[in-house]
There are 2 protein chains.
Amino acid sequence: MTISPVSRVPLSLDVAQRLRAAILDGTFPAETELPTETELAQSFGVGRSTIREALRVLQAHGLISGADTVSTARPRVTHDRTAGAAGLALSTALQVGAIPLGDLVALRMLLEAEAIRKTTSVPDAVRSCLVTMAAAVENTDIHTFHAADVDFHVQLAYAGGNQALGFVIGVLRDCIAGYLLDALDAVADRGTVLARLLAEHQAIVDALDAGESDRAAELVVAHVRDFYEPETP
Amino acid sequence: MTISPVSRVPLSLDVAQRLRAAILDGTFPAETELPTETELAQSFGVGRSTIREALRVLQAHGLISGADTVSTARPRVTHDRTAGAAGLALSTALQVGAIPLGDLVALRMLLEAEAIRKTTSVPDAVRSCLVTMAAAVENTDIHTFHAADVDFHVQLAYAGGNQALGFVIGVLRDCIAGYLLDALDAVADRGTVLARLLAEHQAIVDALDAGESDRAAELVVAHVRDFYEPETP
DNA sequence: GATAGCTGCTTGTCCGACAAACAGACAAGA
DNA sequence: TCTTGTCTGTTTGTCGGACAAGCAGCTATC
């Protein structure tokens, strides 16, 4: 009877959990390089392959930066982009059908309305998004427009002052982005649609500038709803 | 010049993405076993280690069931538990993101109020949580009470019908759970506090039973707020 | 002092190996 | 014939070794 570990999780996942805990509790502080794979393997008493699998898991959770961007030979720094990972995971759940799109949209409306209600002044970053969008409308550049659109909403969400709110809205946007782009792609008369969207964004900012947060909240709800339920007039 | 792939992502991540796409587009239907690791390695033209790393990534995304439960030698079936993976990712992001507790609580109040406003009938599961809580009050059993408390709110959140709402509330609860338990631990007169919390939960259910969703929503907001800001009378 | 080359380390990938667990076949006994 | 025990093959989980490529730091040369 050599061993008899408590449960039956593979070593690699166990290591992943321990590494995750070590990162979260600050043993490996943020923006710091982790030890070498070989060092980790030795300190955990496992083989390098096992460590690599564990690192992949952490990477998928966004806790360590690594190969998803450049993957050069530089070791690896610690957590960042966890929000992106969460967005991806949420969007996966969405695609697989675990969560209906309509529910996500409803949630987004609720959150954005609340964030805007709490917003008193419009940050410059939001205004510059409007400028970018306007330029994109000229060129009928869907992708630029969409990027600015996303930025607009996220910036506005954070402007409300509640970081949790801003964060979740950002994740939701990441998650819905695919659908949005597809929808824009499928639209025949893009110029008109983009112009209308731009006008709606502008109206929201105008309402906020006028100090009418509640009206801005209504506008944003309508803005989101209309886009996802174009059939309802 | 043997190859020159577009960017510099490691093979394993590339394989992971292709596998992910294959799963999402139905090449590997749900509840089906994937091919053997060796077969996958051959069909992708890579080594088994590479496939294993890719599989870990998919597993972290919740797209394939594998070792997180039993990890027995049975091959592996496909997607499920993507929501759980998304929850973990979101909660990780929230922890790492150093989001103030107050913001999390505010978000939770907003979401729970909305969920309750949308709730018409109280599910039996929620009522049984009340029973469990009552028993826990008798024994001053903090942990059981807390578990039932969490279950109560999550069940109620899903009762509103919006799965995304329930989902996010569950994640938020996970994030806040640590704080909550600590707070309960620090309380001197636990019996009184638990009894009061139980009464508040009961009042929420009563309001819902009476068809007064709005009042129930107010009660839940007060319930959450009072717990986190005990100084404000 | 500046630059070019060398050396070592680290990652990404592959391969071969082995124990353990499981599935199916196959043979022995009731 | 049916049951049961064994045996073999397959598959996962893990390890170790191997090698190419990129990068850092040092050294030697101009």
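Note: hydrogens, waters and symmetry copies are ignored here, and every other heavy atom, side chains too, is used. A quick note: this is a predicted structure, and the numbers were derived from the prediction, not measured.
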How close or far is atom [atom2] of [N] from atom [atom1] of [X], stated in whole angstroms?
X     : N      : atom1 : atom2 : result
B/E37 : C/dG16 : CD    : C1'   : 15 Å
B/L55 : D/dG13 : CG    : C1'   : 13 Å
A/Q42 : C/dT10 : CD    : P     : 10 Å
A/E53 : C/dC14 : CD    : P     : 14 Å
B/L40 : C/dC14 : CG    : P     : 13 Å
A/I51 : D/dG13 : CD1   : C1'   : 15 Å

Check: residues 141-150 of chain A side-chain donor-acceptor pairs under 3.5 Å, at least two apart:
residue, atom, partner, partner atom, Å
A/D141, OD1, A/H143, N, 3.2
A/D141, OD1, A/T144, N, 3.2
A/D141, OD1, A/T144, OG1, 3.4
A/D141, OD2, A/T144, OG1, 2.5
A/D149, OD1, A/H153, NE2, 3.2
A/D149, OD1, A/H201, NE2, 3.1

>> Let me confirm one number: the CG-CD1 distance from B/L19 to B/I23, rounded to the nearest 0.5 Å.
In response: 6.0 Å
>> Using 0.5 Å steps for rounding, measure from the CG atom of B/L107 to the CD1 atom of A/I169.
In response: 9.0 Å
> Taking for each residue the nucleotide of DNA chain D bearing the nearest heavy atom, is the 5' side occupied by A/G47 or by B/E39?
Replying inline: B/E39
Which of the following nucleotides, [options], is nearest to the side chain of [X]?
X     : options                : result
A/T36 : D/dT12, C/dC14, C/dT10 : C/dT10
B/R52 : D/dT12, C/dC14, C/dG12 : D/dT12
B/T50 : C/dC14, C/dT10, D/dA18 : C/dC14

>> Taking donor-acceptor contacts at under 3.5 Å, does the side chain of B/R48 reach the base of C/dG16?
In response: no
> Is a side-chain donor-acceptor pair under 3.5 Å present for A/R56 with B/S12?
Replying inline: yes
